[in-house]
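A short worksheet on the structure shown next.
In the text below, chain A, chain B and the rest are named by the order of the sequence lines, each starting its count at 1.
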Protein chains: 2
Amino acid sequence: MPKVTEDYRAERRREIAAAALRCFSRKGFEGTSMADIIAESGLSAGAIYLHYKNKQDLVGQVVVDVLRNRSADLADIAALDPLPHPAEVVRIFVTAVTRELGGEGILVQVWAIAAREPALADLVTGLVDELSGLFTTYFTAWFRQQGLDAAAAEERARRLVPVIIGISQGYVLQAAILPRFDAPAYLDALAAIDFTAGAPVL
Amino acid sequence: MPKVTEDYRAERRREIAAAALRCFSRKGFEGTSMADIIAESGLSAGAIYLHYKNKQDLVGQVVVDVLRNRSADLADIAALDPLPHPAEVVRIFVTAVTRELGGEGILVQVWAIAAREPALADLVTGLVDELSGLFTTYFTAWFRQQGLDAAAAEERARRLVPVIIGISQGYVLQAAILPRFDAPAYLDALAAIDFTAGAPVL
DNA sequence: GTCTATATCCAGATAGAC
DNA sequence: GTCTATCTGGATATAGAC
């Protein structure tokens, strides 16, 4: 394989992915047709099908790329000192996801397809596992700071993390659907919840 | 209008709605075609289009009916004595919704469409408002029982309710998508969270 | 590698007989 | 009110010229 070709291909794929993402932001996800992406990319049908096997392939790859970048952001949080409050961590996470995806609606479309397509469900599951690991690291540190010993902190973190992810998903969902959704109020409410209940007082 | 007709129409509509719901349980939501519903109902295309304007109309009505029944269940909770713990209330609610819809995936499909279709979004918004009212009633009672005065209890309930709804949505979402989702663990984790933080001790 | 043009398919919706 | 048969539109994917 010639050496120029590989870079060229990668560049083309990036262009196509970017165009697809712009379409998804505007017209939703199932609402975006291949014709839309073709027009937005400035390329042609034939060119795109050379780089992606089919629509699902294209969509899957675009989504994975974006979400992967987000979990990279989160990885830094666990290292911050002083450790931010859980509400702040959720805030950082959901605003990053929302900004990068250019609109909350896209994620909801991804979930809907994942609920029907095993292939995409596997993909999402992998990313959620990764996310869970990062959140668990953060919450273990947080609970230790609240006075729990290492084992108890990790145990508690592991149990809590699915709910934290649920709270984040709820935020995204409501932001996407409810016209009067009050994002700051949602995040403020989190700050008033004591996730450390039952932990020994310092 | 003849008196028989009205009942007859209602009965037909119930049949069609039931058939549609069975299809949604099996094949998902966008995966269900009018042809599927037609076959499942035993009726014909013409017959169905007489009762429903189009697919979106049918789908919307079926969904609203189901959700309406669920919020009726919830209405009773606020009257229980002793008042159950918040985690228990969420448990009752999500299990009822899940059971009635015959699979978590359906709700996710509804959300996805609501994120794109203003008509369905209005519908969902209305139901969420209704739900919010019920949850607010419950939480106001709960916080009063925890020692807050009436005004503070209602204020706190109002702020917390969106998050509670988010937690419920997260449950439904994860149940629909993640193959290794541990429902009891999710609900147990809720029991360990202190939603009353900051309230005066009794 | 890329384009244009098009084949193929399948969905939603309707017309008109009964 | 209900059925059968069909129209219409739009989407994905491909064929073949350049």
Sugar-phosphate, base or nothing in reach of B:Ser44, heavy atoms under 4.0 Å: base
Those residues that, when tested against A:Phe195, pass ring pair (Phe, Tyr, Trp, His ring centres under 6.0 Å) (two or more places apart): none
Partner set under side-chain hydrogen bond (donor to acceptor under 3.5 Å, both in side chains) for [X], not counting sequence neighbours:
X       : result
B:Gln61 : B:Arg13, B:Asp57
A:Lys27 : A:Asp36
B:Glu15 : B:Arg12

d(CG, A:Leu50; P, D:dT12) in whole Å: 18 Å
Separation of atom CD1 in A:Ile48 from atom C1' in D:dA13, rounded to whole Å: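 Whole-Å distance recorded here is 12 Å.
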Where at least one partner belongs to residues 161-171 of chain B, residue pairs that pass salt bridge (charged side-chain N to carboxylate O under 4.0 Å, His left out), sequence neighbours excluded: none
Salt bridge (charged side-chain N to carboxylate O under 4.0 Å, His left out): pairs with one or both residues in residues 176-191 of chain A, sequence neighbours excluded: A:Arg180-B:Asp129
Most 5' of A:Gly31 and A:Ala45 on DNA chain D, judged by nearest nucleotide: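 That would be A:Gly31.
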Rounded distance [0.5 Å steps], CG in A:Leu160 versus OG1 in A:Thr140: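 It is 10.5 Å, given to the nearest 0.5 Å.
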Range on DNA chain C touched by chain A - first to last nucleotide, heavy-atom distance under 4.0 Å: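 First-to-last contact on DNA chain C, by the 4.0 Å heavy-atom rule, is C:dG1 to C:dT4.
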Positions of residues 51-59 of chain B (non-hydrogen atom under 4.0 Å from DNA chain C), listed by number: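 The answer is B:Asn54, B:Lys55.
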Pairs of donor and acceptor atoms involving the side chains of residues 148-155 of chain A, under 3.5 Å and at least two apart or interchain, shall be tabulated with distances.
from: A:Asp149; atom 1: OD1; to: A:Ala151; atom 2: N; distance (Å): 3.1
from: A:Asp149; atom 1: OD1; to: A:Ala152; atom 2: N; distance (Å): 2.9
from: A:Glu154; atom 1: OE2; to: A:Arg158; atom 2: NH2; distance (Å): 2.3

